[in-house]
There are 2 protein chains.
Amino acid sequence: MSLAVSLLRLSTILNAMVLNVLVAEQPITNADKTFVRLRNDIVEGVVPAGSKLSEMELSTKYAVSRAVVREAINRLESCHLVERKANVGAKVVALTEQGLNELYQVRESLEGMAARLAATQMTDLEIADLNDLLSSHFQTVKTGETYYQEAGDVDFHYRIILGSKNNHLITMLVDGIYHLIRMYRVQLGMAGPRVTTAFDEHKHIVQAISNRDPELAEMLMRRHIQYTKKNLAKKLES
Amino acid sequence: MSLAVSLLRLSTILNAMVLNVLVAEQPITNADKTFVRLRNDIVEGVVPAGSKLSEMELSTKYAVSRAVVREAINRLESCHLVERKANVGAKVVALTEQGLNELYQVRESLEGMAARLAATQMTDLEIADLNDLLSSHFQTVKTGETYYQEAGDVDFHYRIILGSKNNHLITMLVDGIYHLIRMYRVQLGMAGPRVTTAFDEHKHIVQAISNRDPELAEMLMRRHIQYTKKNLAKKLES
DNA sequence: CTCGTTAATTTTGTCGACAATAAAGGGTGA
DNA sequence: TCACCCTTTATTGTCGACAAAATTAACGAG
């Protein structure tokens, strides 16, 4: 038991380290902080979808100059979280059915590729660690704590994306579209019966990766994402 | 004959319009112009791969303020053409074998998807126009003018990408990685025997799209890109 | 002569002010 | 009342100057 616990702790620590290496290179500027804060506010819906972003307003709100707000907004545009028009301003993207469809078409393709690559590129150690993460999720699901499932799911997908070892792919997904995916999930209210079935899907994906079976891993990941999308599409209708 | 010529002209005009709609929404700021100029200089190798970008230097060179240069550099970072480190500066990316592999893995997946979607989403008119473009390329190839082949190839791929009708996909490819692809092509010196075989591959892809055969279109596009990559990889070794 | 430390210089990050553009409001004529 | 034009207002684009950080150079100790 103590071994299992220590493994889980190690897993958590490693995960935090991996995220830090990706997200936070040593020097953090004000623009970085503003970017992250504003991004969170948008994903969480504190700044409503479709609303206009006033540079002056934000600069007073976050107590920084307009220049850093502008840089933050520019980066948000790269994430597809806001849309800018010259001499007009920036608006938070709207959550539409078409947008969801297009986003998930791309996500399915990219994460399918990530799973395929991960099946050949991940080290045995990383795969073992992924199994540990799955076990820790099983504990959580069993005890009925669905609250952290969303974060856990993000963690799971992160591992596989990083496991692809393709820096372009990693950047596109992590810096590119993942926050938009989270935005749909958070604002459409993810919870409910899918968490347990999703766990089974995760398990099968990990098995395919453990067996070094790229084609199966890709197919299972694509289906997993298709299911997720259908689930989201339902919520978007209402 | 006059009909064929007029069709070709129409094709060229339409193509220019499509590009303008994508690239240039009416108001163009100085930041836009600087971004485009600097991007071209990087792609063409005027600013060498791997070199450092000095904000002050560029601001004097392009006769704009540092703020404008900074915005341009930020956008170039989104295109994966430069890499920035806080408090240090921006460097033009280096052209490496690993980078080429990773880039083309992503490109194969995304453009494969584009071809698949285009087979179902393009209108009959757009497909007819694509065939016209192919004919015009045939004329060019037959007369031995390989100079414009690179631009023609870019045109061809653009059409299919736009034909996917998936805005996320379009943005990722056109604004995202396509200039980096061009950078590899230009700086490794694309020309030579592959232009004619590439033409045949283009022809087969268009046939698959005309037959509304998504799976075949994707497979042919993926292979076409694989061939291109092998060709580039050879040049990179020398 | 080499290494480590400190001072000088260069470069990036941040700020507030001004200019240019677009949106909002008021007025006139039909 | 509606449409159009002009004026006013607010917002974004651009600039130069200052602050902070990193790089380079100078210096001295071993």
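Residue numbers start from 1 in every chain, and the chains themselves are labelled A, B, ... in the order their sequence lines are given, proteins ahead of strands.
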Of all the nucleotides listed ([options]), which has the minimum atom distance to the side chain of [X]?
{"X": "B:T29", "options": "C:dT14, C:dG13, D:dT14", "answer": "D:dT14"}
{"X": "B:V64", "options": "D:dC15, C:dC15, C:dT12", "answer": "D:dC15"}
{"X": "B:K52", "options": "C:dT14, D:dT14, C:dT11", "answer": "C:dT11"}

Notebook entry, point to check: Using 30° and 60° as the class limits, which term best fits the ring planes of B:H202 and B:H137: parallel, tilted or perpendicular?
Noted result: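 Tilted, since the angle between the ring planes falls between 30° and 60°.
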Notebook entry, point to check: Hey, what's the ring geometry for A:Y178 with A:Y158, parallel, tilted or perpendicular (30° and 60° as the breaks)?
Noted result: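 Perpendicular, since the angle between the ring planes exceeds 60°.
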Could you state the [atom1]-[atom2] distance from [X] to [N], rounded to the nearest angstrom?
{"X": "B:I73", "N": "C:dT12", "atom1": "CD1", "atom2": "C1'", "answer": "10 Å"}
{"X": "A:N74", "N": "D:dT12", "atom1": "CG", "atom2": "C1'", "answer": "12 Å"}
{"X": "B:L58", "N": "C:dT11", "atom1": "CG", "atom2": "P", "answer": "12 Å"}
{"X": "A:N30", "N": "C:dT12", "atom1": "CG", "atom2": "P", "answer": "18 Å"}
{"X": "A:R70", "N": "C:dG13", "atom1": "CZ", "atom2": "P", "answer": "16 Å"}
{"X": "A:I28", "N": "C:dG13", "atom1": "CD1", "atom2": "C1'", "answer": "15 Å"}
{"X": "A:E71", "N": "C:dC15", "atom1": "CD", "atom2": "C1'", "answer": "14 Å"}
{"X": "B:D32", "N": "C:dT21", "atom1": "CG", "atom2": "C1'", "answer": "14 Å"}

Note to self: Taking B:H224's backbone N and O only, do any of them form a donor-acceptor pair with B:T228's side chain (distance below 3.5 Å, no angle check)?
What the structure shows: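 Checked: pair present.
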Nucleotide N/O of nucleotides 8-10 of chain D paired with protein N/O under 3.5 Å:
none

Note to self: Between the side chains of B:E71 and A:R84, is the shortest nitrogen-to-carboxylate-oxygen separation below 4.0 Å, so that they form an ion pair?
What the structure shows: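 So A:R84 pairs with B:E71 through a salt bridge.
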Check: Is the shortest side-chain N to carboxylate O distance from B:D32 to B:R75 below 4.0 Å?
Finding: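 Counted as a salt bridge, because a side-chain N and a carboxylate O are separated by less than 4.0 Å.
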Nucleotide N/O of nucleotides 17-25 of chain D paired with protein N/O under 3.5 Å:
none

Next item on the list: Look at B:S65 and D:dC15 and indicate whether a side-chain polar atom (N or O) is within less than 4.0 Å of OP1 or OP2.
Entry: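 The answer is yes; a side-chain N or O of B:S65 sits under 4.0 Å from OP1 or OP2.
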Check: Below 4.0 angstrom from OP1 or OP2 of D:dT11, is there any side-chain N or O of A:K85?
Finding: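 It does not, given that no N or O in the side chain of A:K85 lies less than 4.0 Å from OP1 or OP2 of D:dT11.
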Note to self: Once side-chain hydrogen bond (donor to acceptor under 3.5 Å, both in side chains) is applied, do any residues pair with B:R66, and if so which ones, sequence neighbours excluded?
What the structure shows: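 Per chain and number, B:R66 pairs via side-chain hydrogen bond (donor to acceptor under 3.5 Å, both in side chains) with B:E55.
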What ring pair (Phe, Tyr, Trp, His ring centres under 6.0 Å) pairs are there with at least one residue in [range], not counting sequence neighbours?
{"range": "residues 81-109 of chain A", "result": "none"}
{"range": "residues 43-96 of chain B", "result": "A:H168-B:H80"}
{"range": "residues 27-56 of chain A", "result": "none"}

